[in-house]
Amino acid sequence: MRKRKYLKTVLGLTTLGILTIALTACSITPKKYDSKAKLGPQVHTTITGIDAGAGIMSSTQKVIPAYGLKEQNWQLQTSSTAAMCSQLQKSIKYKQPIVVTAWQPHWMFKKYPIKFLKDPKNIYGKAEEIKTVSRKGFEKDNPGAYKFFQQFHWNSNLMGDVMYQNFKGADPQTTAKQFIKDHPQQVAEWTKGVPDGNGKKVRMTYVTWDDAIASTNVTAQILRDKGYNVTISAMEAQPQWASIARGSADVTTSAWLPTTSGPLYQKFKNQVQVVATNCPGAKVGLAVPKYMKNVNSIEDLKK
Ligand code: PBE
């Protein structure tokens with residue numbers, strides 16, 4: 001009897017021990033950033049990226065060999081903006097190292113303490129601008145809407161506010177309506193001399209990136225308020241450009257030029273038309289959390 005009880009206790013304690021070890025193992029968090037150690041191994045020589053169709057991904061594929069990161073087997077991990085941002089958030093929570101693809105305007109710089117890495121070779125381009133691009137012939141077929149798109153231009157701040165509202169969960173069309181209400185002067189400037197739409201069609205296309213969601217919904221809503229019949233269709237970047245080039249869509253407000261959307265622009269430039277710059281001062285590159293004090297340039301990734 002005694003022996004049995006003893007055995008039971010030992011067995012119970014052993015089980016408890018194993019369970020504790022297992023649980024601890026599961027909850028072990030990866031190591032914090034170590035400024036004295038080589039960076040590559042700390043992040044598995046991986047840059048956390050977004051969706052494969054993004055221009056920032058093709059630029060980053062050029063960055064890897066250009067900065068000698070290929071020799072160290074650095075790789076670019078494809079994911080999505082949402083997945084990348086949640087990875088970033090997790091890393092920041094535990095002060096772990098991470099290298100991400102980043103761009104501005106975007107709310108990530110408002111939400112997370114991160115910094116762009118210097119790009120001395122200018123692979124991501126020097127001065128990016130967000131441009132409005134239409135099909136050839138749109139101007140002739142719909143001069144009223146075209147005029148509006150020629151006049152539509154804002155800045156990172158205004159755009160950032162709209163994006164941040166959407167990020168916080170607001171419906172993009174509701175945010176657009178609120179923006180219009182709050183910025184009558186801007187809207188008046190953009191619609192100056194723009195005739196009533198009388199139900200004329202405008203087919204906009206966009207990729208579901210935050211900046212494109214913001215500018216597409218704001219411009220679509222302004223044109224709707226002017227009596228245009230605006231449709232907005234979300235698609236991947238390549239089909240988006242192809243549909244404008246083919247003429248099955250009219251216009252997009254989210255071409256990042258000259259570098260980020262550059263490869264697609266080059267491919268279709270004979271069939272499309274750059275209408276205007278709608279947001280100057282955009283920036284594309286790699287970023288890391290600010291606590292990675294020794295990493296300030298893409299060149300530092302090798303160290
Ligand atoms: N972005 C945001 C896109 C364009 C808008 C920079 C992630 C890209 O093509 O990379």
Side-chain angles (χ1 to χ4, degrees), residues 47-64 76-88 99-112 114 116-117 119 122-133 152-156 158-160 162-164 166-167 172 204-219 232-245 249 251-269 272 274 276-287 298:
I47 296 167
T48 305
I50 57 168
D51 41 303
I56 197 172
M57 295 296 275
S58 24
S59 297
T60 307
Q61 292 294 5
K62 290 174 198 144
V63 156
I64 290 172
L76 174 60
Q77 187 190 315
T78 306
S79 89
S80 66
T81 306
M84 180 190 84
C85 286
S86 91
Q87 196 66 43
L88 185 57
V99 182
V100 297
T101 56
W103 60 96
Q104 217 167 18
H106 193 272
W107 48 260
M108 67 176 102
F109 283 90
K110 198 166 177 159
K111 178 139 188 341
Y112 309 120
I114 56 173
F116 267 121
L117 298 183
D119 172 21
N122 279 317
I123 309 287
Y124 290 106
K126 260 191 184 151
E128 283 289 271
E129 294 185 328
I130 310 180
K131 304 214 183 240
T132 303
V133 171
F152 165 66
H153 66 94
W154 55 1
N155 57 44
S156 314
L158 287 177
M159 195 170 185
V162 171
M163 275 191 264
Y164 201 60
N166 292 341
F167 158 71
M204 298 188 71
T205 95
Y206 69 109
V207 183
T208 53
W209 290 316
D210 306 75
D211 61 290
I213 294 171
S215 62
T216 306
N217 277 279
V218 165
T219 51
I232 66 173
S233 323
M235 40 185 100
E236 298 285 316
Q238 164 87 23
Q240 174 193 36
W241 282 80
S243 65
I244 293 171
V251 64
T252 177
T253 51
S254 50
W256 288 50
L257 290 169
T259 307
T260 311
S261 309
L264 286 165
Y265 173 68
Q266 289 305 326
K267 195 167 170 188
F268 295 108
K269 68 173 176 217
V272 303
V274 176
T277 294
N278 66 59
C279 184
K283 193 171 162 65
V284 173
L286 296 181
I298 301 175

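As the structure lists them, so they are numbered: ligands from 1, and atoms in each ligand from 1.
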With heavy atoms under 4.0 Å as the rule, classify the contact between [X] and ligand 1 as side chain, backbone, both or neither.
X: Asp211; answer: side chain
X: Val207; answer: neither
X: Thr260; answer: side chain

Practice task
Working to the nearest 0.5 Å, report the span between CH2 of Trp103 and CD1 of Ile130.
Solution key: 11.5 Å

Completion exercise
Rounded to the nearest 0.5 angstrom, the CD-SG distance for Gln104 and Cys279 is 10.0 Å

Practice task
For Glu128 and Thr260, run side chain to side chain donor-acceptor pair (under 3.5 Å): C-alpha distance rounded to whole Å, both residues' side-chain angles, the deciding distance at 0.1 Å, then the answer.
Solution key: CA-CA 8 Å; Glu128 283 289 271; Thr260 311; 2.6 Å; yes

Exercise for the section: Please identify which atoms of ligand 1 are closer than 4.0 Å to at least one heavy atom of Gly55. Expected result: 8 (C), 9 (O), 10 (O)

Problem - Contacting atoms of ligand 1, where contact means under 4.0 angstrom from a heavy atom of Ile50 - result: 7 (C)

Practice task
Return the option from Tyr124, Trp103, Tyr206 holding the heavy atom at the smallest distance from atom 1 (N) of ligand 1.
Solution key: Trp103

Practice task
Evaluate whether atom NZ of Lys110 has more than 12 neighbouring non-hydrogen atoms of other residues, nucleotides or ligands under 6.0 angstrom away.
Solution key: yes

Handout entry: Within-cut-off N or O pair, Ile56 and ligand 1, under 3.5 Å
Key = yes

Exercise for the section: Measure from NZ or CZ of Lys111 to the centre of the six-membered ring of Phe167, then state whether that distance is under 6.0 Å and the direction lies within 45° of the axis. Expected result: no

Practice task
Please state whether the rings of Phe268 and Trp241 are parallel, tilted or perpendicular, taking 30° and 60° as the class boundaries.
Solution key: parallel

